[in-house]
K.L.:
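One structure follows; several queries about it will come next.
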Amino acid sequence: MIPRPTAHIRPLEAGDWGAVEEIYAQGIATGLATFETTTPTWEAFTASRLPAHRLVADVDGEVLGWAAVSAVSARPVYAGVVEHSIYVRRTARGRGVGMALLNALIDSTEAAGIWTIQSSIFPQNQASLRLHEKAGFRLVGRRERIARRADGTWQDTLLIERRSRT
């Protein structure tokens with residue numbers, strides 16, 4: 001068996017947008033990752049994510065995945081609570097890229113004093129649920145019929161969170 005190169009986790013830069021957008025589109029196409037039906041523009045993406053916590057997994061110059069967080073509220077009392085997204089290139093899934101990104105994101109947010117990372121995951125996305133469970137996330141609850149998919153069908157989500165150890 002040929003050893004897999006280790007992904008280098010680094011800050012997401014504007015020059016990564018083409019690869020990040022492609023990976024995001026792959027996630028959208030699965031129907032398991034998001035309610036979104038199209039990728040945002042770079043301007044919309046960067047405006048809605050905290051700059052200090054946008055990461056990519058890079059192997060030999062190829063971006064294999066990305067992770068980023070958004071503030072959940074502008075209220076100061078929620079300054080330590082973020083919502084995250086994580087996407088892995090279709091050809092890199094199951095290779096540890098997601099775990100490397102998630103661990104780096106946890107390290108990044110904890111170093112910045114963030115005490116809760118949360119996300120909503122479709123119940124059908126078992127791979128994402130397993131990944132997050134391995135990283136110490138817990139199920140908070142099920143949000144039934146929280147929103148409609150583009151085809152008009154209602155979709156549940158599972159709210160998960162990870163509390164900082166500090």
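Each residue takes its place number in the sequence, starting with 1.
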K.L.:
Linking I/L/V/M/F/W/Y whenever their side-chain heavy atoms sit closer than 4.5 Å, directly or via other members, would Leu12 and Leu50 fall into one cluster?
P.N.:
no
K.L.:
One thing to verify: whether Asp16 and Arg10 come together as a salt bridge, which I'm taking to mean a side-chain N less than 4.0 angstrom from a carboxylate O.
P.N.:
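A salt bridge links Arg10 with Asp16.
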K.L.:
Suppose we screen for side chain to side chain donor-acceptor pair (under 3.5 Å). Which residues come up paired with Thr109, at least two apart in sequence or across chains?
P.N.:
none
K.L.:
Return a table of donor-acceptor pairs under 3.5 angstrom between the side chains of residues 65-73 and protein atoms on other chains or two or more places apart.
P.N.:
residue	atom	partner	partner atom	Å
Trp66	NE1	Val20	O	3.4
Ser70	OG	Ser48	O	2.8
Ser73	OG	Arg75	N	3.0

K.L.:
Of all residues at least two apart in sequence or in a different chain, which pass the side chain to side chain donor-acceptor pair (under 3.5 Å) check with Gln26?
P.N.:
none
K.L.:
Can you check whether Phe137 reaches Ile121 side chain to side chain, under 4.5 Å on heavy atoms?
P.N.:
no
K.L.:
Which heavy atom of Glu83 sits nearest to which heavy atom of Ser119, and what is that distance?
P.N.:
CG-CA, 4.2 Å
K.L.:
Between Leu102 and Ile86, which heavy-atom pair has the shortest distance, and what is it?
P.N.:
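In terms of heavy atoms, the two residues are closest at N-CD1, 3.9 Å.
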K.L.:
Salt bridge (charged side-chain N to carboxylate O under 4.0 Å, His left out) with Arg89: which residues, sequence neighbours excluded?
P.N.:
Glu22, Glu62
K.L.:
Return the set of residues passing salt bridge (charged side-chain N to carboxylate O under 4.0 Å, His left out) with Arg93 (not counting sequence neighbours), or none when no residue passes.
P.N.:
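Residues passing salt bridge (charged side-chain N to carboxylate O under 4.0 Å, His left out) with Arg93: none at all.
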K.L.:
Kindly work out whether a path of hydrophobic side-chain contacts (I/L/V/M/F/W/Y, heavy atoms less than 4.5 Å apart) joins Ile117 to Leu158.
P.N.:
yes
K.L.:
Only distances under 3.5 Å count here; give the side-chain donor-acceptor pairs of residues 127-136 to other protein atoms, sequence neighbours excluded, each with its distance to 0.1 Å.
P.N.:
residue	atom	partner	partner atom	Å
Ser128	OG	His132	ND1	3.3
His132	ND1	Ser128	O	2.7
His132	NE2	His84	NE2	2.7

K.L.:
Mind checking the CD-CH2 spacing from Glu161 to Trp115? Nearest 0.5 Å is all I need.
P.N.:
12.5 Å
K.L.:
Of all the heavy-atom pairs spanning Ala52 and Ser108, show the shortest one and how long it is.
P.N.:
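Closest approach of Ala52 to Ser108: O-OG, 3.4 Å.
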K.L.:
To the nearest 0.5 Å, what is the distance between CG (Leu105) and CD (Glu110)?
P.N.:
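Result: 10.0 Å between the selected atoms.
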K.L.:
If hydrophobic clusters are built by linking Ile, Leu, Val, Met, Phe, Trp and Tyr wherever their side-chain heavy atoms come under 4.5 Å apart, do Tyr87 and Leu55 end up in the same one?
P.N.:
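Shared cluster, no.
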K.L.:
Go through the steps for Val82 and His53 under the test side-chain contact (heavy atoms from CB on, under 4.5 Å), then give the verdict.
P.N.:
CA-CA 10 Å; Val82 295; His53 311 289; 5.9 Å; no
K.L.:
Looking at every non-hydrogen atom in both residues, tell me the closest pair between Val59 and Ala7 and how far apart they are.
P.N.:
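Closest approach of Val59 to Ala7: CG2-CA, 3.5 Å.
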K.L.:
Arg49: what forms a side chain to side chain donor-acceptor pair (under 3.5 Å) with it, not counting sequence neighbours?
P.N.:
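Partners of Arg49 by the side chain to side chain donor-acceptor pair (under 3.5 Å) criterion come out as none, since no residue qualifies.
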K.L.:
Taking salt bridge (charged side-chain N to carboxylate O under 4.0 Å, His left out) as the cut-off, I'd like each qualifying pair that reaches into residues 139-150, sequence neighbours left out, listed once.
P.N.:
Arg142-Asp156
K.L.:
If we only count heavy atoms from C-beta on, is the Gln118 to Val140 side-chain gap below 4.5 Å?
P.N.:
no
K.L.:
In Å and rounded to the nearest 0.5 Å, what is the CG to OG1 distance from Asp58 to Thr6?
P.N.:
12.0 Å
K.L.:
Identify, with sequence neighbours excluded, every residue that meets side chain to side chain donor-acceptor pair (under 3.5 Å) alongside Asn125.
P.N.:
none
K.L.:
Are Ile160 and Phe122 grouped together when hydrophobic residues (ILVMFWY) are joined by side-chain heavy atoms under 4.5 angstrom apart?
P.N.:
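Ile160 and Phe122: separate clusters.
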K.L.:
Indicate every side-chain donor-acceptor pair of residues 32-42 with a distance under 3.5 Å to a residue at least two apart or in another chain.
P.N.:
residue	atom	partner	partner atom	Å
Thr34	OG1	Glu36	N	3.0
Thr39	OG1	Glu21	OE2	2.8
Thr41	OG1	Ala44	N	3.0

K.L.:
Looking just at side-chain N and O atoms, do Thr46 and Arg54 make a donor-acceptor pair shorter than 3.5 Å?
P.N.:
yes
K.L.:
Please answer: with hydrophobic residues joined when any side-chain heavy atoms are less than 4.5 Å apart, are Met99 and Val88 in the same cluster?
P.N.:
yes
